[in-house]
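These notes are about the structure you will find just below.
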Amino acid sequence: MSASITFASAVDCTDAYQVLIAQMDDMQAGSTKVAFQLASPGNRASTASPGGYNEDKFSRMVRNPTYAPLLSGFGYEVGAHGKQGSEQYVAQVRVFQDAEKSNATVFVFVMSLQPA
C-alpha cells in the first residue's frame, strides 16, 4: 500500500499526461489505487457518492464490465491527447485485450485541469 501512495505522491499533478500515465500503469497492474488517489476531487466525490471519497466504491466502478478492460494488463497506447481550452485535457487511450495486441478498446479520458 505505501508503494502506491509514494508513487502517486511523486506524480506532478499539474501535468495531466503524467497523471494519465501513472493511472494507466497502475491499472494495468490490476490496481485502482493510484487512479483513485489522482482523480480530481469532483470525480472522486461523484463516482463514490453518497458521501464521496469511497475508494472501495470507486474500485468496484472501475472493475465493472465497462471499465474492466483498463485492468487487462496487456498494455496501452496513448493516441491523440492535449489540452482542450484552459480547463480540460483529453486523451484517447487504446487498451489492448490480448497479448498479441490484436483486440483493443479505446477509451477517451476527459480530465479537469487542477490549479497549481
Side-chain angles (χ1 to χ4, degrees):
M1 179 161 115
S2 61
S4 292
I5 293 169
T6 302
F7 181 70
S9 63
V11 174
D12 177 0
C13 293
T14 63
D15 183 332
Y17 183 78
Q18 270 193 44
V19 169
L20 175 67
I21 296 303
Q23 290 175 320
M24 287 301 304
D25 287 352
D26 191 59
M27 286 189 289
Q28 284 290 289
S31 172
T32 61
K33 186 156 209 71
V34 171
F36 178 77
Q37 290 173 340
L38 295 177
S40 72
N43 183 288
R44 283 192 308 243
S46 68
T47 57
S49 60
Y53 299 96
N54 183 324
E55 186 176 345
D56 291 333
K57 189 170 183 180
F58 182 91
S59 184
R60 284 192 305 275
M61 178 201 68
V62 175
R63 293 176 190 285
N64 82 35
T66 301
Y67 300 109
L70 293 166
L71 305 166
S72 67
F74 293 109
Y76 65 93
E77 291 177 348
V78 178
H81 65 96
K83 286 177 78 172
Q84 277 195 347
S86 61
E87 297 183 11
Q88 286 190 331
Y89 175 86
V90 177
Q92 292 182 0
V93 180
R94 185 175 183 194
V95 180
F96 298 107
Q97 303 304 301
D98 56 24
E100 296 77 28
K101 298 185 180 351
S102 60
N103 187 20
T105 302
V106 175
F107 290 89
V108 177
F109 285 82
V110 178
M111 303 165 74
S112 60
L113 298 175
Q114 303 301 305

Heavy-atom pair of closest approach, residues [X] and [Y]:
{"X": "Gln97", "Y": "Ala104", "result": "CG-CA, 4.2 Å"}
{"X": "Val11", "Y": "Ala22", "result": "CG2-CB, 3.6 Å"}
{"X": "Ser31", "Y": "Asp26", "result": "OG-OD2, 2.9 Å"}

Spacing of NE2 belonging to His81 relative to CG belonging to Leu20, to within rounding of 0.5 Å
8.5 Å
Calculate, to the nearest 0.5 Å, the distance between atoms CZ and OG1 belonging to Arg63 and Thr32 respectively.
5.0 Å
Derivation of the side-chain contact (heavy atoms from CB on, under 4.5 Å) call for Tyr67 and Met27:
CA-CA 10 Å; Tyr67 300 109; Met27 286 189 289; over 6 Å; no
[X] versus [Y]: any side-chain heavy-atom pair under 4.5 Å?
{"X": "Asn54", "Y": "Phe58", "result": "no"}
{"X": "Tyr89", "Y": "Tyr17", "result": "yes"}
{"X": "Leu70", "Y": "Gln23", "result": "no"}

Are any side-chain N or O atoms of [X] and backbone N or O atoms of [Y], one a donor and one an acceptor, separated by less than 3.5 Å?
{"X": "Gln28", "Y": "Phe74", "answer": "yes"}
{"X": "Gln92", "Y": "Ala80", "answer": "no"}
{"X": "Ser40", "Y": "Met111", "answer": "no"}
{"X": "Asn64", "Y": "Met61", "answer": "yes"}

Can you confirm whether Gln88 is buried at CD, in the sense that more than 12 heavy atoms of other residues, nucleotides or ligands lie under 6.0 Å from that atom?
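It does: Gln88 CD has more than 12 such atoms within range.
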Tyr76: which of Thr105, Val106, Asp25 passes side-chain contact (heavy atoms from CB on, under 4.5 Å)
Asp25
Quick one: do Val108 and Val62 end up in the same hydrophobic cluster if we chain Ile, Leu, Val, Met, Phe, Trp and Tyr together by side-chain heavy atoms under 4.5 Å apart?
no
Quick one: do Val90 and Phe109 end up in the same hydrophobic cluster if we chain Ile, Leu, Val, Met, Phe, Trp and Tyr together by side-chain heavy atoms under 4.5 Å apart?
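Result: no, two separate clusters.
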Worked check of side-chain contact (heavy atoms from CB on, under 4.5 Å) between Met24 and Val95:
CA-CA 9 Å; Met24 287 301 304; Val95 180; 3.9 Å; yes
